[in-house]
Asks: 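I have a structure I would like to understand better, so I am pasting it below and will then ask my questions one at a time.
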Amino acid sequence: MSQIIVINFGSQVAHLINRRIRESGVYSELVGYDISVKKIAKINPKGIILSGGPSSVYEKHAPQVDKKIFSLGIPILGICYGFQLIGKKYGKLKPGKLKEYGKKLIEVKHQGSLFKKLNKKEQVWMSHGDLVTKLPAGFKILAKTNTCPIAAFENKGKRLYGIQFHAEVVHTKKGKRILKNFLDICKVKKDWSAKSAINNSINEIKFQVGNNSVIMGISGGVDSTVAAALIHRTIKDRLYCVFVDHGMLRKNEKEDVMKTLKKNLRFKHIYSVDASSMFLKRLSKVSDPEEKRKIIGHTFIEVFEKKVKEIEKKHPNIKFLGQGTIYPDRIESAQPTKQASKIKSHHNVTLPKGMKLKVVEPLKDMYKDEVRELGRKIGIPTSMIERHPFPGPGLAVRIIGNITPGRIKILQEADAIFIEELKNSGYYKKTWQAFAALFPIRAVGVKGDARTYEHIISLRAVTSIDAMTADWAKLPDSLLEKISSRILNEVAGVGRVVYDVSQKPPATIEYE
Ligand code: XMP
């Protein structure tokens, strides 16, 4: 399969470049700027894109790329910081007096190959400080703005292309066209699709696993379900799945997951472990959010490991642990600056220390939307594919304060009504995530003629692209009214319903 590589200089939107390339049907990988030329030559990409980044090329420790890449003869497109790196190597640069940020109009002087089918004036998205002011013979200046004398260039002989603005964001109206033009310059084959991804994954699993068996923890979430389904498609009944019920799942969750795996996907070996009493015992009287997360994480691994050992005794051929790791998990966990990981210790099934199993991760190169498309193609029901994300610690991080069986039940009932109404109204698909949470305090009310002192449910629905930032969903009043009235009437013990109107940041999506 022919591919492109995107060298990441720390841009917030480097992933976006990668995704845009894949959307065009070409496989693309994001790599660190410290990648060696030897490694690039081994990958043998048809084109290289140098991403933007937060640094100025003038900074002392500004990230650099191995200069030998410029002699590989592979077409290179520099975007923003990448554009300036090329400018610095071949021409003259000066620190811009003003930082330019936002929508700008460029004046296209020559279309060249990179700007084919662009108009004389085009709207782009700029975000830069330094300016490329001079380039030697061989470089053709394609565009300028009123403050930026060289906004794009190309050098056909050296196969170098550059744009000062971001082609990958939607505010650059012809961004996709420019990237497509670059792909044409690279003469790359468009052979990346969900179908080819399925075939590649199946071949890889076959090669890796051979005649051995795989064990896997499944949560019912999209990633682990799709990964398990792919492995199952490849090795059939040599896949063993373990579902740990920690007692803080959504209403009917266990039954729904079992039904999908057994009936729809015809999995044979599924072990459901009910460890809810153990989890609840360890969590009793614990109200600190991080403490809760740690107890759940450790207990989960303990229960999972015990079950795996038990299964391994009967099936000694199990040599692999399947995981639903996706591309952003892998790339982002390698970045210590990822904000979310500092704020909450996320719970995910990682390889327990004592386990001698090798990991098989069939989705490790895929983005969430690609995983969903692939899942649909291999016959996973839409209801499962379109499910909102659910945190590993489950309702524990939505029950603020102490967790008791009674409080879990109240939350499950209220949450089920909220989700049912969102689905009925078509708003489930329009939100990134929606759920009910339970406050640790009560409020006074009146039912009939009597005073009540009952629980408070908070409804949270957010829109987001990647969960790093989120906005509260603007649900219609009539829908909120219906949900509130149903919860107040149907869930015993709830006397008040509130709607959360907090953005992330400063709030987070989950409560704890
Ligand atoms: P926050 O609350 O940090 O959540 O804004 C961002 C996204 O991550 C999900 N989340 C988790 N996912 N294990 C997970 O797999 C966890 O421990 C966890 N905690 C939060 C959350 O639901 C939201 O989609």
Side-chain angles (χ1 to χ4, degrees), residues 15 216-228 243-244 246-250 253 257 279 283 286 288-301 303-304 322-333 335 337-351 361 363-364 367-369 371-372 385-400 403 411 415 418-419 422 428-438 458-473 500-512:
H15 266 301
M216 185 160 180
I218 40 155
S219 63
V222 178
D223 304 342
S224 68
T225 308
V226 176
F243 180 86
V244 176
H246 55 32
M248 290 155 294
L249 301 169
R250 288 168 285 194
E253 179 142 37
V257 173
F279 277 90
L283 286 168
V286 179
D288 177 71
E290 275 300 283
E291 186 75 3
K292 277 185 189 174
R293 281 178 170 270
K294 282 193 183 124
I295 292 173
I296 295 170
H298 293 154
T299 310
F300 194 97
I301 290 190
V303 173
F304 181 68
Q323 294 204 296
T325 321
I326 65 170
Y327 198 54
D329 298 339
R330 210 157 54 87
I331 302 290
E332 273 156 26
S333 60
Q335 289 178 3
T337 50
K338 196 193 166 204
Q339 204 194 13
S341 58
K342 280 189 211 157
I343 297 165
K344 299 173 184 181
S345 33
H346 273 214
H347 156 98
N348 286 316
V349 183
T350 47
L351 189 63
E361 297 171 310
L363 308 177
K364 68 178 191 314
Y367 286 103
K368 193 89 175 184
D369 45 354
V371 170
R372 289 202 161 109
I385 296 290
E386 285 174 357
R387 274 181 126 191
H388 287 170
F390 187 61
L395 301 184
V397 290
R398 296 175 180 175
I399 297 177
I400 310 168
I403 300 165
L411 185 55
D415 185 72
F418 185 21
I419 299 302
L422 283 178
Y428 186 78
K429 273 203 228 167
K430 294 182 195 162
T431 48
W432 163 270
Q433 209 169 356
F435 56 86
L438 182 63
S458 170
L459 303 177
R460 179 119 170 98
V462 296
T463 52
S464 177
I465 291 172
D466 53 9
M468 298 295 279
T469 59
D471 194 7
W472 57 278
D500 187 334
V501 290
S502 323
Q503 285 179 332
K504 172 183 179 175
T508 54
I509 295 178
E510 303 289 347
Y511 278 80
E512 293 193 332

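Just so you know, ligand 1 is whichever comes first in the structure, and atom 1 is the first atom listed for that ligand.
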Asks: Under 4.0 Å from a heavy atom of Thr508: give me the atoms of ligand 1 that qualify, with their elements.
Replies: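 Every atom of ligand 1 under 4.0 Å from some heavy atom of Thr508: 1 (P), 2 (O), 5 (O).
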
Asks: Going by the atom numbers of ligand 1, which of them fall below 4.0 Å from some non-hydrogen atom of Pro393?
Replies: 16 (C), 17 (O)

Asks: Mind checking whether His388 has a heavy atom under 4.0 Å from ligand 1?
Replies: no

Asks: So which heavy atom on Glu512 is nearest to which on Ile399, and how close?
Replies: OE1-O, 3.9 Å

Asks: Does the residue Tyr511 have a heavy-atom contact with ligand 1, meaning some pair of atoms that are separated by less than 4.0 Å?
Replies: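 Not so, Tyr511 does not reach ligand 1.
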
Asks: May I ask you to check whether Tyr367 and His15 show a side-chain donor-acceptor distance below 3.5 Å?
Replies: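 Indeed, the side chains of Tyr367 and His15 share at least one donor-acceptor pair under 3.5 Å.
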
Asks: Between Trp432 and ligand 1, which part of the residue brings a heavy atom under 4.0 Å of the ligand: side chain, backbone, both or neither?
Replies: side chain

Asks: With atom 14 (C) of ligand 1 as the reference point, say which of Gly221, Ser224, Gly324, Gly392 has the nearest heavy atom.
Replies: Gly392

Asks: For the OG1 atom of Thr463 and the CD atom of Gln503, what is their distance to the nearest 0.5 Å?
Replies: 9.0 Å

Asks: Please name the pair of heavy atoms, one in Val257 and one in Ser219, separated by the smallest distance, quoted to 0.1 Å.
Replies: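 Answer, listing the atom of Val257 first, then Ser219: CG2-O, 4.2 Å.
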
Asks: Do Arg398 and ligand 1 have an N or O pair less than 3.5 Å apart?
Replies: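 No, since none of the N or O atoms of Arg398 sits under 3.5 Å from an N or O of ligand 1.
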
Asks: Rounded at 0.5 Å granularity, tell me how far CD in Gln433 sits from CD in Glu510.
Replies: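 Answer for the CD-CD pair, Gln433 versus Glu510, is 5.0 Å.
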
Asks: Number the atoms of ligand 1 from 1 as they appear, then name those within less than 4.0 Å of a heavy atom of Lys504, with their elements.
Replies: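 Here the atoms of ligand 1 in question are 1 (P), 3 (O), 5 (O), 6 (C).
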
Asks: Which heavy atom in Ala436 sits nearest to a heavy atom in Phe418, and how many Å separate them?
Replies: N-CD2, 4.0 Å

